[in-house]
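For reference, the structure is listed below as structure tokens.
Below, all heavy atoms of this structure are taken into account, side chains as well, without hydrogens, waters or symmetry copies.
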Amino acid sequence: MDIDVLGALQVRVHGISITPTAPKPRQVLALLALHADQVVPVGSLIGELWADSPPRSARTTLQTYVLQLRERIARALAHDSTAPDAPAPGATARGGTAQSGAARDTAQHRLTGGQLAHRGAQPHGAAARCAKEVLVTTPNGYRLCAGGGRSDVREFERLAGTGYRAMDAGDFAGAARQLGQALGLFSGAVLADVRAGVLLEMEIRRLEESRLCALDQRIEADLRLGRHRELLSELTVLVSRYRTHESLHGQFMLALHRSGRRGEALEVYQRLRSTLVKDLGLEPSAGLRRLQHSILTTGPDTRLPAPRPGGDTPLVPAG
């Protein structure tokens, strides 16, 4: 099973999508996929779907959504198990005009009950049993078994962890490469096409914060490698979106200063200070004030002060 949540939701079994289009089954699959190979309690699923106002039929309705997901899993497994090894009737040997992949898929999806009976009832029954092994009922919930397949979240965490360790070791080129690969797994906002309840919203915020931390460190690695000019356009967008994120503003100030644009770097500081005071009643952190002073008094090789734990104010994306 392959699971993608860093963008649109997509879950595939043997390369075939099992992602439903209906909003609530989609929510159920998203929560199960985010916690693949772990039990998600029934109460959590009901809370995600209906918050504090579940209908009396909540458990029965949830069971219906699970059944619908299992049917999609069973079809994907049956499609894989009934795919003929030999050329289908009408197909030619290599060198002839083979039936197109799209036509084969259409023909396989249109198998009639008689055709399945001709092949034997075993494949469909086996697929149904396997579906229950993929989406497992437990005493208090459900578990989606990924079977060792690919997960973009796990791949992101692996690459980001490697990048952080490279940063700690002073391997800035390796850190920039690994963190860049991790960030490249995001194709958009997390679960961009899923209507999120309270639990999914928490997971979305967690993953977006993880993305922002990796982005912060990748930019820091690029600054250490002298890529300040290449960062200017990216940081222009980021500080507009995260109007109170001090680390990003500090990096933008440093990139501008090293590019010979000291006046603009100081303007970035003043805009951030105005936003912090107006929106949060806070002054910039001591680290950012030191950076401003350094820009006022030293050359463009100024190093960004190391961030201190808790130094950043809460993220406030514009708009």
query: Do NZ/NE/NH1/NH2 and the carboxylate oxygens of Glu203 and Arg206 come within less than 4.0 Å?
result: yes
- request: Give a yes or no on whether the backbone of Arg271 and the side-chain of Arg243 come within a donor-acceptor separation of less than 3.5 Å.
  value: no
message: Can you list everything that forms a salt bridge (Lys or Arg N to Asp or Glu O under 4.0 Å) with Arg158? Sequence neighbours excluded, please.
response: Glu155
- prompt: With distance as the sole criterion, is a donor-acceptor pair present between the side chains of Gln178 and Thr162 under 3.5 Å?
  reply: no
- request: Output, in order, the C-alpha distance, side-chain angles, deciding distance and verdict of side-chain contact (heavy atoms from CB on, under 4.5 Å) for Lys132 and Arg70.
  value: CA-CA 7 Å; Lys132 290 184 179 181; Arg70 282 185 177 143; 4.1 Å; yes
query: How close do Gly47 and Val198 get, heavy atom to heavy atom, and via which atoms?
result: O-CG1, 4.2 Å
message: List the residues meeting salt bridge (Lys or Arg N to Asp or Glu O under 4.0 Å) with Arg12, not counting sequence neighbours, and say none if there are none.
response: Asp4
field: Pair Arg224 + Glu220, salt bridge at N-O below 4.0 Å
entry: yes
query: Measuring from Asp222:CG to Leu179:CG, what's the distance to the nearest 0.5 Å?
result: 9.5 Å
- request: Hey, could you give me the CD/CD1 distance between Gln68 and Ile73, rounded to the nearest 0.5 Å?
  value: 12.0 Å
query: Which of these, Glu283, His293, Glu246, sits in a side chain to side chain contact (heavy atoms under 4.5 Å, CB included) with Leu288?
result: Glu246
query: Should the ring pair Trp50 and Tyr65 be called parallel, tilted or perpendicular, given that the plane angle runs from 0 to 90° and is split at 30 and 60?
result: parallel
- prompt: Salt bridge between Glu157 and Arg154, side-chain N to carboxylate O under 4.0 Å?
  reply: no
query: To the nearest 0.5 Å, what is the distance between CZ (Phe252) and CZ (Arg261)?
result: 7.0 Å
query: Quick one: do Glu234 and Arg218 make a salt bridge, cutoff under 4.0 Å?
result: yes
